[in-house]
Amino acid sequence: LHQRPRVVVLAGDGFNGAGGVSCARHLANHNVDVMVCTTGEREASPALQRELNAYSYTDGTRVPFANSLPGAGAGDDEPVDLIVDAISGFGLTESRLCGRAEAMVQWANDHAANTVALDVPSGLTESHGPCPFTIRAKWTVVLGLPKRCLAAYPQLTGSIH
């Protein structure tokens, strides 16, 4: 008996987060067990709001905090097959992630499931390099042109596609 794959999407408040929620919606529409966790630290971009609205019509679930994710002590210990990192993309300009975003990165890096990053692993910046908390991805799917920082940190990006 084949179980439904389980995917957790970690989404930031901007365009990268909207791309992650769009990914979650498409996966949910193909019978994948999907859970979305958003940072919710600032007002969601209009693109993210639209994607969250569309996602609400699927069977996917949404959790408000990283401590509500599987294996984080909230009672849900079902295994996760894949983590999608859409917390921050190429537009991250600060030298660190903080708050909920940092907690989401810690959860992903402590989890056994592989992570695919959208555009760049969250916490990796073009100007500052990796932040203290940066996603360690197995794969990075580049949106648009490859970023210079990807080649400099293969231990964080995994294979680049």
Side-chain angles (χ1 to χ4, degrees), residues 6-27 34-49 51-52 55 60-74 76 79-161:
R6 190 165 200 209
V7 176
V8 171
V9 176
L10 306 174
D13 297 324
F15 291 110
N16 209 46
V21 176
S22 176
C23 172
R25 177 172 48 86
H26 287 286
L27 290 170
V34 184
M35 178 181 286
V36 169
C37 182
T38 56
T39 55
E41 294 185 311
R42 58 188 171 131
E43 187 174 338
S45 68
L48 179 59
Q49 290 174 356
E51 289 299 335
L52 286 170
Y55 178 72
T61 57
R62 186 171 171 206
V63 297
F65 302 107
N67 64 2
S68 303
L69 291 166
D76 182 353
V80 173
D81 298 301
L82 181 68
I83 300 166
V84 176
D85 164 36
I87 302 168
S88 67
F90 180 63
L92 180 66
T93 56
E94 298 86 22
S95 60
R96 64 172 285 136
L97 296 171
C98 49
R100 291 182 184 174
E102 182 179 300
M104 291 161 69
V105 169
Q106 286 181 299
W107 176 85
N109 285 342
D110 290 344
H111 207 281
N114 289 321
T115 300
V116 59
L118 298 185
D119 205 24
V120 297
S122 292
L124 182 60
T125 69
E126 190 70 28
S127 57
H128 298 27
C131 297
F133 292 94
T134 300
I135 287 282
R136 292 187 306 270
K138 179 160 183 153
W139 308 281
T140 298
V141 177
V142 178
L143 308 174
L145 296 173
K147 292 24 171 212
R148 290 177 300 197
C149 61
L150 297 177
Y153 300 97
Q155 72 278 16
L156 298 173
T157 64
S159 61
I160 299 170
H161 303 274

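As a basis for the values below, the full set of heavy atoms in this structure was taken, side chains included, without hydrogen atoms, waters or symmetry mates.
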Check: Rounded to the nearest 0.5 Å, how far apart are CE of Met35 and OG1 of Thr61?
Finding: 4.0 Å
Note to self: On a heavy-atom basis, which atom in Val36 and which in Ala24 lie closest, and how many Å separate them?
What the structure shows: CG2-CB, 3.5 Å
Checklist line | Any Ser88 side-chain heavy atom under 4.5 Å of Asn16 side chain | finding: no
Checklist line | Minimum heavy-atom distance between Ala86 and Leu118, given as atom pair plus value | finding: CB-CD1, 3.9 Å
Checklist line | Point-to-point distance, once rounded to the nearest 0.5 Å, from OG1 of Thr157 to CD1 of Ile135 | finding: 13.0 Å
Check: Which residues pass the salt bridge (Lys or Arg N to Asp or Glu O under 4.0 Å) test with Arg25, sequence neighbours left out?
Finding: Glu51
Next item on the list: Check whether any side-chain N or O of Asp119 sits under 3.5 Å from a backbone N or O of Val142 as a donor-acceptor pair, and report yes or no.
Entry: no
Margin query: Is a donor from one side chain sitting under 3.5 angstrom from an acceptor on the other, for Thr115 and Asp85?
Written below: no
Notebook entry, point to check: Would Trp139 and Leu82 satisfy side chain to side chain contact (heavy atoms under 4.5 Å, CB included), going step by step from the backbone distance to the final call?
Noted result: CA-CA 11 Å; Trp139 308 281; Leu82 181 68; 3.8 Å; yes
Item checked: Atom pair OG1 (Thr38) and CG (Leu52), whose distance is rounded to the nearest 0.5 Å -> 6.0 Å
Check: Are any non-hydrogen side-chain atoms of Lys147 and Leu124 less than 4.5 angstrom apart?
Finding: no
Item checked: Smallest separation among heavy atoms of Val9 and Gly20, with atom names -> CG1-O, 3.4 Å
Next item on the list: Indicate yes or no for a side-chain donor-acceptor contact from Asp81 to the backbone of Val7 under 3.5 Å, with no hydrogens or angles considered.
Entry: no
Notebook entry, point to check: Hey, what do you get for OG1 (Thr134) to CD (Glu102), rounding to the nearest 0.5 Å?
Noted result: 10.0 Å
Next item on the list: Tell me, please, which residues at least two apart from Ser45 pass side chain to side chain contact (heavy atoms under 4.5 Å, CB included).
Entry: Ala47, Leu48
Next item on the list: Write down the atom of Cys149, the atom of Thr125, and the distance for their closest heavy-atom approach.
Entry: CB-O, 3.9 Å
Checklist line | Closest approach of Gly129 to Tyr153 (non-hydrogen atoms, all atoms of both residues) | finding: CA-OH, 3.7 Å
Checklist line | Residues which pass side chain to side chain contact (heavy atoms under 4.5 Å, CB included) with Arg136, listed by chain and number, not counting sequence neighbours | finding: Asn109, Leu156
Margin query: Quick check: closest heavy atoms across Ser122 and Ile87, and the distance to 0.1 Å?
Written below: OG-CB, 3.1 Å
